[in-house]
Amino acid sequence: MSGWEQLSQYIMSGLTTGSIYALAALGFCLIYNATHIVNFAQGDFISLGGLMMYTLLGAAGLPALVALPLAVAVVAGLGVVLEAAAVGRARSREITVLIFITVAASLLFRGVFKEVWGKQALAVPPLSPDVPLKLLGATFTPQNLWILGITLAAIVVLIYFFNHTLTGRAMRAVAINPKAAALMGIDTRRMVRLSFALAGALGALAGAIITPITTASYNVGVLMGLKGFAAAVLGGYGNFLGAIVGGLSLGLLESLGAGALSSTYKDVIAFVVLLLVLFVRPRGLLGGGEETRV
Amino acid sequence: MNGGGRAFLWQLLALALAVAGAPLLVGNPYHLNVLNVMALNVLVVTGLNLLIGFAGHISLGHAAFYGLGAYVSGILSSTHGWDPWLSTLAAALLVALVALLIGIPTLRLAGNYLVMATLGFNLIITILILQLDEFTGGPSGFSGIPPLKVLGHSLASDQQFYWLVWTAALLGLLLARNLADSRVGRGLKALHDSPVAAAAVGVPTAAYKVKVFVLSAVYASLAGSLYAHYFGIVTPKTFDIFFSVELVTMCLVGGMGSLWGGFFGAAFLTPLPQVLHVFDEYKDVFFGGILLLLLIFQPQGLAGLWARRSRARAARSA
């Protein structure tokens with residue numbers, strides 16, 4: 001394999017995992033903008049997306065065209081439950097308490113997934129039959145294309161939603177100034193709940209499309225979610241474009257870094273990037289997050 | 001963080017008596033072992049509580065500080081033949097330095113940057129412990145760590161270690177209480193009530209927060225070193241991010257920022273998995289469930305319940 005072929009191989013796999021990080025990072029942004037909390041259950045949305053696909057495609061034998069929207073709907077529902085039963089119901093409005101509610105929920109979800117699906121890795125069939133494809137020297141499967149295509153489609157839908165629909169614009173208004181939005185007659189609580197639903201849907205999508213490559217398990221999304229979080233910080237926490245840029249750059253950085261140095265420390269890269277960004281430029285590449293206090 | 005000076009000392013004395021009497025009742029070495037682990041957790045949780053109560057920040061990296069204390073002291077004392085006390089001290093200094101490096105850039109920011117940074121840090125440490133297997137033993141762990149010695153006697157048995165670790169835990173509580181009455185403690189209390197007012201009267205808030213964070217990490221490191229020299233073996237799983245979450249759970253169950261709350265949180269949650277073996281399977285559901293319910297309905301934890309009851313009693317008698 002020549003150097004160029006290797007490079008395009010790394011770029012292909014970097015963009016694939018980067019898409020997953022971008023979807024996860026978008027989920028983090030949505031909830032952050034609506035509530036100012038970090039939702040540590042985002043990774044579990046990814047796990048559940050994969051597990052649902054395993055059950056719906058494998059055990060129930062549904063076609064992918066039915067299974068995918070169903071999986072997305074179930075996880076979006078879990079997002080709503082998380083808001084309605086836990087985060088929105090909490091007696092304390094302190095951010096730290098709310099964040100730890102999501103940490104606790106994540107632990108609980110994982111425990112429940114483990115009881116339902118067991119601990120083993122579960123094979124999820126790809127969206128279309130596996131035939132090796134070649135492009136610019138990189139070898140990949142149709143699933144790689146599905147991942148890139150579905151991520152792109154999700155981004156386009158989100159852009160349309162936030163710019164051209166009344167609900168989407170109302171959600172943006174709530175993110176900018178919840179009080180003013182409420183005074184304009186926007187039901188802020190509904191918008192917050194919708195953010196959780198959307199974050200769940202994005203997580204499910206990520207899990208559904210990546211697990212044919214990684215296999216599904218009760219905790220498959222945990223590390224992906226944490227890396228998606230690092231990607232969101234890299235891009236600028238709460239910044240949508242930043243989430244996409246951060247996700248793809250992190251995916252590329254990881255794959256090129258693992259190729260150039262060694263794959264042993266591949267998983268460290270995301271978190272070293274996270275620390276460096278927090279130390280050097282906490283607002284991230286494109287700006288976001290909060291200002292310094294006093 | 002307020003315990004009432006005199007009352008705290010009496011409570012601490014009562015605990016010390018209970019600690020001194022317990023070995024008479026607990027003959028079973030296995031139960032002593034559980035009590036020893038409890039004391040280690042009390043030490044870490046007390047440190048974590050200082051951070052939560054004084055600085056108002058939560059760390060998701062205390063398992064990593066605990067792990068660094070354990071691995072660094074373990075490796076220095078066995079591979080390099082250092083005296084275990086010296087290696088414990090060296091590990092604590094290293095951890096203090098690391099905490100300083102993390103704390104300085106992140107604690108001056110508002111929001112939850114410390115949670116994010118410590119979380120990332122914990123993940124890095126876990127991966128490094130797993131991957132640097134020629135130094136750390138990798139996934140199977142690092143063994144052959146020598147016990148601590150006092151006056152030529154090695155503290156290897158459960159009974160001997162019991163005295164050492166509970167002394168450390170009680171001293172840890174006493175020191176934490178004294179900190180509350182110190183200049184730093186008062187400054188941070190002011191900060192807690194009003195950051196702007198505190199800064200306006202010249203409290204160097206960021207510097208105080210960093211100090212408390214470093215101290216809190218050192219508590220974890222010392223507990224980790226004690227752990228390593230007690231068990232003689234350390235494995236990476238003991239120090240992963242889930243243990244960090246467990247430590248925070250102990251703090252929150254007891255009551256955020258309350259020293260006795262932290263003590264009871266650790267005392268309540270440490271023996272549970274040991275007592276109920278079946279429970280190990282449902283550990284995540286159980287920890288997650290308890291933490292979730294508490295945070296939703298009783299964010300002040302057990303200490304909050306206690307305070308409400310005594311307030312109600314005071315109101316009735318008045």
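Since the structure is predicted, the reported quantities are computational estimates derived from the model, not experimental observations. So that the names make sense, note that chain A is the first sequence line, chain B the second, and so on, each numbered from 1.
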Side chain from CB out, backbone as N, CA, C, O: work out which of these in A:E115 comes under 4.5 Å of a heavy atom of chain B, or both, or neither.
side chain
Taking all heavy atoms of B:D284 and all of A:K114, pick out the closest pair and write down the distance.
OD2-NZ, 3.3 Å
Which atoms of A:V268 are under 4.5 Å from chain B, going by heavy atoms: the side chain, the backbone, both sets, or neither?
both
Pick one of side chain, backbone, both or neither for A:V233, based on which atoms fall under 4.5 Å of a heavy atom in chain B.
side chain
Using non-hydrogen atoms and a 4.5 Å limit, figure out which bit of A:A85 sits close to chain B: side chain, backbone, both or neither.
backbone
Bottom line for B:L293: the part with an atom under 4.5 Å from chain A's heavy atoms is neither
With respect to chain B, which residue among A:V112, A:L226, A:T102 yields the maximal number of heavy-atom pairs within a distance under 4.5 Å?
A:L226
Using a 6.0 Å cut-off, check whether atom OH of A:Y218 has over 12 heavy atoms from anything other than its own residue.
yes
The reported gap from CG in B:L295 to CG in A:L98 (rounded to nearest 0.5 angstrom) is 9.0 Å
A:L278 versus chain B, the contacting section by heavy-atom distance below 4.5 Å:
both
Looking at A:F229, A:F100, A:F40, which one has more heavy-atom pairs under 4.5 Å with chain B than the rest?
A:F100
In the structure I gave you, are the side-chain heavy atoms of B:L292 and A:I101 within less than 4.5 Å of one another anywhere?
yes
I need the B:I58 CD1 to A:I95 CD1 distance, nearest 0.5 Å.
12.0 Å
Using non-hydrogen atoms only, which part of A:I37 is less than 4.5 Å away from chain B: side chain, backbone, both, or neither?
neither
To the nearest 0.5 angstrom, please state how far the CG atom of A:L275 sits from the CE atom of B:M116.
12.0 Å
Straight-line distance of B:L119 CG to A:F271 CZ, nearest 0.5 Å
7.0 Å
Chain A contact via B:L294 - which portion, at a heavy-atom distance below 4.5 Å
neither
I want to check something: taking the side chain as every heavy atom from C-beta on, are A:R110 and B:F242 in contact at a cut-off of under 4.5 Å?
yes
If only atom types and distance count, is the side chain of A:R91 paired as donor or acceptor with the main-chain N or O of B:I296 below 3.5 Å?
no
Interchain contact, A:Y265 with chain B, by part (heavy-atom threshold 4.5 Å)
side chain
Are more than 12 heavy atoms, taken from residues, nucleotides or ligands other than A:R189, located less than 6.0 Å from that residue's CZ atom?
yes
When every non-hydrogen atom of A:L108 is compared with those of B:G289, the smallest separation belongs to CD1-N, 4.0 Å
How far does OH of B:Y113 sit from OH of A:Y237, to the nearest 0.5 angstrom?
10.0 Å
Check whether any side-chain heavy atom of A:V272 sits under 4.5 Å from a side-chain heavy atom of B:I124, and report yes or no.
yes
Mark yes when over 12 heavy atoms from residues, nucleotides or ligands other than A:R93 sit less than 6.0 Å from its CZ; otherwise mark no.
yes
Rounded to the nearest 0.5 Å, how far does CG of B:L123 lie from CG of A:D267?
9.5 Å
